[in-house]
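Structure, as structure tokens:
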Protein chains: 2
Amino acid sequence: MAATLKMIAKAGNVDVSTVSRALRDDPRVKAATRDTIKSLALEMGYKPNWAARSLVAGKTRTVWLLIPDIRNSTEQAPARHAASYLDNKYGYDLMVVLHQNDARIYHRIIEKLCQNAADGVIIVPRGSRNDQDFSPMLHGRGFPAVFMDRHPAKTKIPCVITDNFNACRKMVGMCADAGAKAVIDVSGCPGNNAAAARSRAVLFESRKRNMLHLHCDERYVVSSEWPKNIAVFATSQSAICNFIRTNSHLADGRDMLLACFDDWIGEPFPGKIALVAKQDFKTMSERACDLVMSMINGNGKKIPQGSRLKVPVESILTVDNTFQLAPG
Amino acid sequence: MAATLKMIAKAGNVDVSTVSRALRDDPRVKAATRDTIKSLALEMGYKPNWAARSLVAGKTRTVWLLIPDIRNSTEQAPARHAASYLDNKYGYDLMVVLHQNDARIYHRIIEKLCQNAADGVIIVPRGSRNDQDFSPMLHGRGFPAVFMDRHPAKTKIPCVITDNFNACRKMVGMCADAGAKAVIDVSGCPGNNAAAARSRAVLFESRKRNMLHLHCDERYVVSSEWPKNIAVFATSQSAICNFIRTNSHLADGRDMLLACFDDWIGEPFPGKIALVAKQDFKTMSERACDLVMSMINGNGKKIPQGSRLKVPVESILTVDNTFQLAPG
DNA sequence: CTGAAAGCGCTAACAC
DNA sequence: GTGTTAGCGCTTTCAG
């Protein structure tokens, strides 16, 4: 049986309220009694009961970060940043909770949130439908929730996302400056808001610059009559590689530019260079935290429904073939 | 303000206890009142308060699965299996919680557990020191906890692990049967109990069979005078590949057998075949769940301190070079 | 400085 | 069938 305030009170011949005050360093209790009570609590192995505290406080001082899994940096980074930011700035705990993209699990977690098992939640959804189903439950009861990185199409819950549009415009511009005359967009994934914004930007900017533009999926076979200088856009390195696998003829006698988000591992093969837009997960995490916290603390009235906060990319890296370019 | 029993009671002109009973389908309440109360609760968006329920029940009906991250199947599988098993057999929820191998986060989570934020925990620790520091806190207060897959050296908390010793003995035997005359063990990682057991088994069985035996780390350079048929053992494919990278001469004119755990991706290059011991994560998860649950339900007295439950591997797969072996 | 008492939201004996 | 009462463990007025 775990020690309670009552038990300590009895052991120390004082009232529970005194024990409570002593343990919370209330200046009103005499130093002597505080010390005896504290040592008593220590030797009895006292720990405050979490449920009781949450009940009386009406809050848990906890925010959940709900993510599908932790395969890549896209999900690792928010976990780290949000945890320390919430702790330092708000004295809140972050609990990273996984739903593994399983609708049942996801549902149960949302249920628990509705029961106020946490004060707020930051959600990084998968592109799938699962995520859309339940977010209205949270919004309906005014539960503090924020989507990050991705989000269901027309959710009323505020979202913190990368400014994909401007990042892609910029990358198209860089490609044009480097001589590209045509753009192939393999962003694919209809229904994913991030990919959609990226595609729109690529289309917009390439038109503006009079570049040939082709939006296609990974299996599309591009005619070999296309210009010598082309740029391939996708959301990830793997998408680019998949596309090139079925279009290996493109690399023959061409200067290819590759552009994607987050990471490029290894050489920019078969391209000349690869542009990589690094998303700013630190800023995104912090803004998401600020948003949930302001909703938790009741300033939430000011958050417009369906707000979309766009965070610029941290940088656009240029990955080139260092062996070719190395002097000598 | 979220709806409470009290508010529903007032709205329905009944007592809170009646509302409570009605919502839990207590047969004592009249069907009519039950229905009105239920519809009332529905339209008011009532959800039971999690903290209050946990407080009065004295338990949370929740078990945490505490893991470093979710990079590989070693951590994915337990999450899936434990979640459904706990739900189906015990009506308990599983929450997958990440500590990201960060000592601070890990500590806070253990703290929360000590405050009974969950009824029990299954821990898959990293090989690092972080994990050992805090497990005595849990054990000291009799908090239901079980280590799975790996565990700190001499912890008193029960552990569910793979029967690494017998799996490795069997694999050594298979290698011998396939003609191997020598064994190189690259299991490395001193301090990791699983790796240690595997190494012991490889030594034991290779001695018994009069095979040459060499235990070394990845950077060790093996003399080229060794027998033609050798087997390389490690805990993972990557460890084997790292070793072979610095010992590429070994592959010349030799029939190499490779043996590791969990997965082999691609061809068994540069070996002839690769043996892969598949750990039985389903059984391990289920036994771990049964253990925590028996501790939670008070039958815990029977669990001997420092118990180690060894689960046999699911199977030992043989991965061969299908191109070479394909007929024609 | 400390105790008494009320209450957080919910459940469960115990009345009637 | 339903209301009354007490209590889970803790915090927080309000007295004294």
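Just so you know, these numbers use all the heavy atoms, side chains as well, and skip hydrogens, waters and symmetry mates. Residue numbers start from 1 in every chain, and the chains themselves are labelled A, B, ... in the order their sequence lines are given, proteins ahead of strands.
- In this entry the distance linking NZ of Lys6(B) with P of dT5(D) reads 15 Å, nearest Å.
- Within the 4.0 angstrom heavy-atom criterion, only backbone atoms of the sugar-phosphate kind lie near Thr4(A); the bases stay farther away.
- Note on Arg24(B) versus Asp26(B): no salt bridge recorded, every NZ/NE/NH1/NH2 to OD/OE distance being 4.0 Å or above.
- If you take CD of Gln115(B) and P of dT11(D), they are 10 Å apart, rounded to a whole angstrom.
- For the pair Cys289(B)/Ile122(B), a side-chain contact is recorded, criterion being any heavy-atom separation below 4.5 Å from C-beta on.
- Relative ring orientation between His107(B) and Phe134(B) is described as parallel, the plane-to-plane angle staying below 30° on a 0-90° scale split at 30° and 60°.
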Can you list the steps and then say if Asp35(B) with Lys38(B) is a salt bridge (Lys or Arg N to Asp or Glu O under 4.0 Å)?
CA-CA 5 Å; Asp35(B) 293 345; Lys38(B) 278 199 167 182; over 6 Å; no
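- For the pair Trp64(B)/Met95(A), a side-chain contact is recorded, criterion being any heavy-atom separation below 4.5 Å from C-beta on.
- Note that the first and last nucleotides of DNA chain C, 5' to 3', having any atom under 4.0 angstrom from a heavy atom of chain B are dC8(C) to dA13(C).
- Residues Trp50(A) and Arg53(A) are not in side-chain contact: their nearest non-hydrogen atoms beyond the backbone lie 4.5 Å or more apart.
- The pair Asp15(A)-Arg21(A) fails the salt-bridge criterion, with no side-chain N (NZ, NE, NH1 or NH2) lying under 4.0 Å from an Asp/Glu carboxylate O.
- Contacts of Asp15(B) with the nucleic acid, taken as non-hydrogen atoms under 4.0 Å apart, include base atoms.
- Using a 4.0 Å cut-off between a side-chain N of Lys or Arg and a carboxylate O of Asp or Glu, Asp102(A) and Arg104(A) do not qualify as a salt bridge.
- The CZ atom of Arg53(B) sits 18 Å away from the P atom of dG9(D) (whole-angstrom rounding).
- Here the P atom of nucleotide dT11(D) and the CG atom of Leu55(B) are 12 Å apart, to the nearest Å.
- With contacts defined as side-chain heavy-atom distances shorter than 4.5 Å, the pair Leu98(B)/Ile67(B) qualifies.
- Looking only at atom types and distance, the side chain of Asn297(A) has no donor-acceptor partner in the side chain of Tyr90(A) under 3.5 Å away.
- For residues 19-29 of chain A, proximity to DNA chain C is found at Arg21(A), Arg28(A), Val29(A), defined as any non-hydrogen atom under 4.0 angstrom from a strand atom.
- Of the residues in residues 30-45 of chain B, those placing a heavy atom less than 4.0 Å from an atom of DNA chain D are Lys30(B), Thr33(B), in numerical order.
- Residues Pro158(A) and Leu291(A) approach most closely at CB-CD1, 4.3 Å, considering heavy atoms.
- Spacing between atom CD1 of Ile8(A) and atom C1' of dC10(D) amounts to 12 Å, rounded to whole angstrom units.
- Spacing between atom NZ of Lys47(A) and atom P of dC10(D) amounts to 13 Å, rounded to whole angstrom units.
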